[in-house]
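Remarks on the structure that follows.
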Amino acid sequence: MNISHTRRRAAAAVAALALPLSLVAVAPQAWAANAAEAFGPGCAALPKQGPGSPSVMAGQPVATAAAGNPALSTLVSAVKQAGLVDTLNNAKDITLFAPTNEAFAKIPKADLDKVLADKAALTKILTYHVVGSTVDKPDLADGSFKTLEGGTLTTGGTGDSYKVNGTAAIVCGDVATSNATVHVVDTVLMPK
């Protein structure tokens with residue numbers, strides 16, 4: 001009787017260990033599936049592997065994931081300067097409309113330097129790029145979303161071509177991170 005009971009306990013322990021291990025094995029496949037759903041002409045510029053690649057970004061919180069993408073280095077610096085890294089990394093199910101380095105380059109240097117030196121203004125602009133819920137491709141066709149800044153973003157488009165506020169093109173959308181959906185945009189969005 002004791003041998004049978006011991007065998008059942010051992011089998012239960014093995015099963016309990018096998019479940020988390022199987023989840024670890026399945027998780028990268030799920031991340032890869034999410035990464036494959038990214039759309040837009042700018043997605044081709046994402047690294048194929050390593051930091052900044054869709055498969056690596058999928059396993060990281062959004063600010064950490066963005067830090068691995070060279071095209072988002074200006075955004076990452078601004079997020080650090082505003083003290084928003086932990087806020088973004090600890091949020092759940094958010095959407096980040098992430099301006100590229102080229103988007104920041106469209107702003108005259110004197111104006112950009114002034115904003116980067118003003119933490120309150122920088123925080124206002126950056127939080128305007130974040131929606132407190134998941135916004136995926138199907139939501140972009142004709143959307144209106146409240147931002148963490150308190151304003152509203154609008155989206156419109158079809159197929160793989162979408163704009164935010166009628167001006168900023170989504171160059172690579174639906175990039176998954178562990179806590180957010182990222183839509184990379186070609187223009188810095190300004191709160192109204």
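All values derive from a computational prediction rather than experimental measurement.
Lys80 approaches Val85 most closely through the heavy-atom pair CG-CG2, 3.7 Å. Val175 approaches Ala38 most closely through the heavy-atom pair CG2-CB, 4.2 Å. Taking each heavy atom of Gly52 and Leu46 in turn, the nearest pair found is O-CD2, 4.0 Å. Minimum heavy-atom separation, Asn101 to Pro70: ND2-O, 2.9 Å. Across Pro47 and Pro54, no two heavy atoms sit closer than the pair O-CD, 3.5 Å. Here the closest non-hydrogen pair linking Ser178 and Gly59 is CB-C, 4.0 Å.
Within the 3.5 Å criterion, the main-chain N or O of Thr64 finds a donor-acceptor partner in the side chain of Asn89. For Asn69 (side chain) and Ala71 (main-chain N/O), a donor-acceptor pair under 3.5 Å exists by modelled atom type. Using modelled atom types, no side-chain atom of Ser161 and backbone atom of Gly157 make a donor-acceptor pair closer than 3.5 Å. Under the 3.5 Å distance criterion, the side-chain polar atoms of Thr100 are left unmatched by any main-chain donor or acceptor of Asp186. Judged by distance alone, the side chain of Asp93 and the main-chain N or O of Thr134 form no donor-acceptor pair under 3.5 Å.
Here the side chains of Thr152 and Lys192 are not in contact, with every heavy-atom distance at 4.5 Å or above. At least one side-chain heavy atom of Ile107 sits less than 4.5 Å from a side-chain heavy atom of Met190. With a 4.5 Å cut-off on side-chain heavy atoms, Leu96 and Ile94 do not count as touching. The shortest distance between side-chain heavy atoms of His129 and Val188 falls below 4.5 Å. Put simply, the side chain of Val135 does not reach to within 4.5 Å of the side chain of Thr181, judged on heavy atoms.
Judged by distance alone, the side chains of Asp139 and Thr155 never bring a donor and an acceptor atom under 3.5 Å apart.
For Asp118, there are no salt bridge (Lys or Arg N to Asp or Glu O under 4.0 Å) partners at least two apart in sequence or on another chain. Qualifying ring pair (Phe, Tyr, Trp, His ring centres under 6.0 Å) partners for His183, counting only residues two or more places apart in sequence or in other chains: Phe97. The salt bridge (Lys or Arg N to Asp or Glu O under 4.0 Å) test applied to Lys163 returns no partner, not counting sequence neighbours.
In this structure, Asp111 places its CG atom where more than 12 heavy-atom neighbours from other residues, nucleotides or ligands lie under 6.0 Å away. Enclosure of atom NZ in Lys106 by more than 12 non-hydrogen atoms of other residues, nucleotides or ligands within 6.0 angstrom is indicated. The environment of NZ in Lys109 is sparse: at most 12 heavy-atom neighbours from other residues, nucleotides or ligands sit within 6.0 Å.
The NZ atom of Lys114 lies 13.5 Å from the CG atom of Leu122; values are rounded to the nearest 0.5 Å. The distance from atom CD1 of Ile125 to atom OG1 of Thr147, rounded to the nearest 0.5 Å, is 12.0 Å. Between the CG atom of Leu148 and the CG atom of Leu88 there is a distance of 8.0 Å, given to the nearest 0.5 Å. Note: Ile170 CD1 to Leu140 CG = 4.5 Å, rounded to the nearest 0.5 Å. A distance of 6.5 Å separates CE of Met57 from CG of Leu72, quoted to the nearest 0.5 Å. In this structure, CG on Asn179 lies 10.5 Å from CD on Gln60, to the nearest 0.5 angstrom.
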message: Between Leu126 and Leu75, is the side chain to side chain contact (heavy atoms under 4.5 Å, CB included) condition met? List the steps.
response: CA-CA 9 Å; Leu126 293 175; Leu75 172 65; 3.8 Å; yes
Working for side chain to side chain contact (heavy atoms under 4.5 Å, CB included), residues Phe104 and Leu116: CA-CA 11 Å; Phe104 281 99; Leu116 291 174; 5.8 Å; no
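The cluster map of Ile, Leu, Val, Met, Phe, Trp and Tyr, joined by side-chain heavy atoms under 4.5 Å apart, puts Val76 and Leu84 in different clusters.
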